[in-house]
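First the structure, in the form of structure tokens, and then the observations on it.
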Amino acid sequence: MSTGGSTGGWAARNPAAAVERESVAWPHRHLLGLEELSPDEIRLILDTADGFEDVSTRSVKKVPALRGRVVVNLFFEDSTRTKTSFILAAQRLSADVVDFSAKTSSLSKGESIRDTVRNIEAMGVDLLIVRHNVAGTPHLIAKNVNCCVINAGDGRHEHPTQGLLDIYTMRQVKKNIEGLKVAIVGDVANSRVARSNLHGLVKLGADVTFVGPTTLVPRAFEKMGARIAHDFDKVIHEFDVINMLRIQSERISSNVFPSLQEYSRLFGLSAERMKRAKPDVLIMHPGPINRGIEMSADVADGANSAILKQVTNGLAVRMAVMFLCKQAAGA
Ligand code: CP
């Protein structure tokens, strides 16, 4: 098994061989979360993604790794980045891709999710990519099908491929995850991205701090390995990476801060607040951004921002995840 700690190593120079070697060690048919992966398994995905990275820069953006396979996107919740990224990643692996529309499906006639996925699988599907607003739905689906299931975000629980692409981007820019000081700022309580980042980063030896108001960053996260801070200005100078989160109003039912302006004044990332940060701090955001709330436009588009790099890297990471899971499932 690969234990490579940084990008640009053997895997990057020998992508085809790396993928072949590393796929032997990957045991999981499904990717449901980063909590259940070992540090070596996370590194294996990152190293395999290294091998796929250059496919997206070729004039013909395709490799035959999943030729003849069928990938179905089952998104029960809206998405721009994740859905498009999985579609393109599957196409770049030469798979056939179906985009299932939950809103126009027979779910509206009372069909259960279990029956829906079993009927879809009966058409010869190899991988199901699942997003749902209820935590645990991808796990439920995985128990009811024989094909691979990849969690594309379940409620507040996990968004493992977002966590992986965030860590991949940090490793690409900062070279090593071990010892990296990472802040995850904002609506941590409602964020599956924060949970997946925390699980993955802590396993790889990073030092993670959750920053935000007490209502959105409860002390309970300390038990999961995060340090907690409520005064952003006091700690901002410490971090190598700052990952900003959106206020997930779709999951918030009561008032958790006095006003958006007040939230932005205390926890938003502005050019003024950036003066307190390390000059080479890496600024990240999973998207979608609410400009002017969690960060200003000049920071989002500034020299320290890796936000579009994250989106680009999502393709290689998702290619790696689909490839490894399908290899583990067998022919
Ligand atoms: N980062 C993310 O999950 O974005 P989407 O909701 O647009 O997929």
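Atoms within each ligand, like the ligands themselves, are counted from 1 in listed order.
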#### Entry: Salt-bridge contact R131-D78 (side-chain N to carboxylate O under 4.0 Å)
no
### Task
Please check if any side-chain donor atom of T169 sits under 3.5 Å from a side-chain acceptor atom of Q310, or the reverse.
no
### Task
Looking only at non-hydrogen atoms, find the nearest pair between R318 and A89 and report the distance.
CB-CB, 4.0 Å
### Task
For atom 2 (C) of ligand 1, find the nearest protein heavy atom and state the residue, atom name and distance (0.1 Å precision).
T82 OG1, 3.4 Å
### Query
Does the N or O separation between P286 and ligand 1 drop below 3.5 Å for any pair?
yes
### Query
Going by the atom numbers of ligand 1, which of them fall below 4.0 Å from some non-hydrogen atom of H159?
2 (C), 3 (O)
### Message
Please determine whether any non-hydrogen atom of R131 lies less than 4.0 Å from an atom of ligand 1.
### Response
yes
### Query
Minimum heavy-atom separation for L31 to C325, with atom names?
N-SG, 4.0 Å
### Summary
heavy-atom search around atom 4 (O) of ligand 1 in the protein gives R81 NE, 3.0 Å
### Query
Of all the heavy atoms in G287, does at least one lie under 4.0 Å from an atom in ligand 1?
yes
### Message
Ignoring hydrogens and geometry beyond distance, is a side-chain donor-acceptor pair present between H132 and E77 at under 3.5 Å?
### Response
no
### Query
In ligand 1, which numbered atoms sit nearer than 4.0 Å to a non-hydrogen atom of T80?
5 (P), 7 (O), 8 (O)
### Message
If you compare all heavy atoms of K278 against all heavy atoms of F239, which two are closest, and at what distance to 0.1 Å?
### Response
CD-O, 3.5 Å
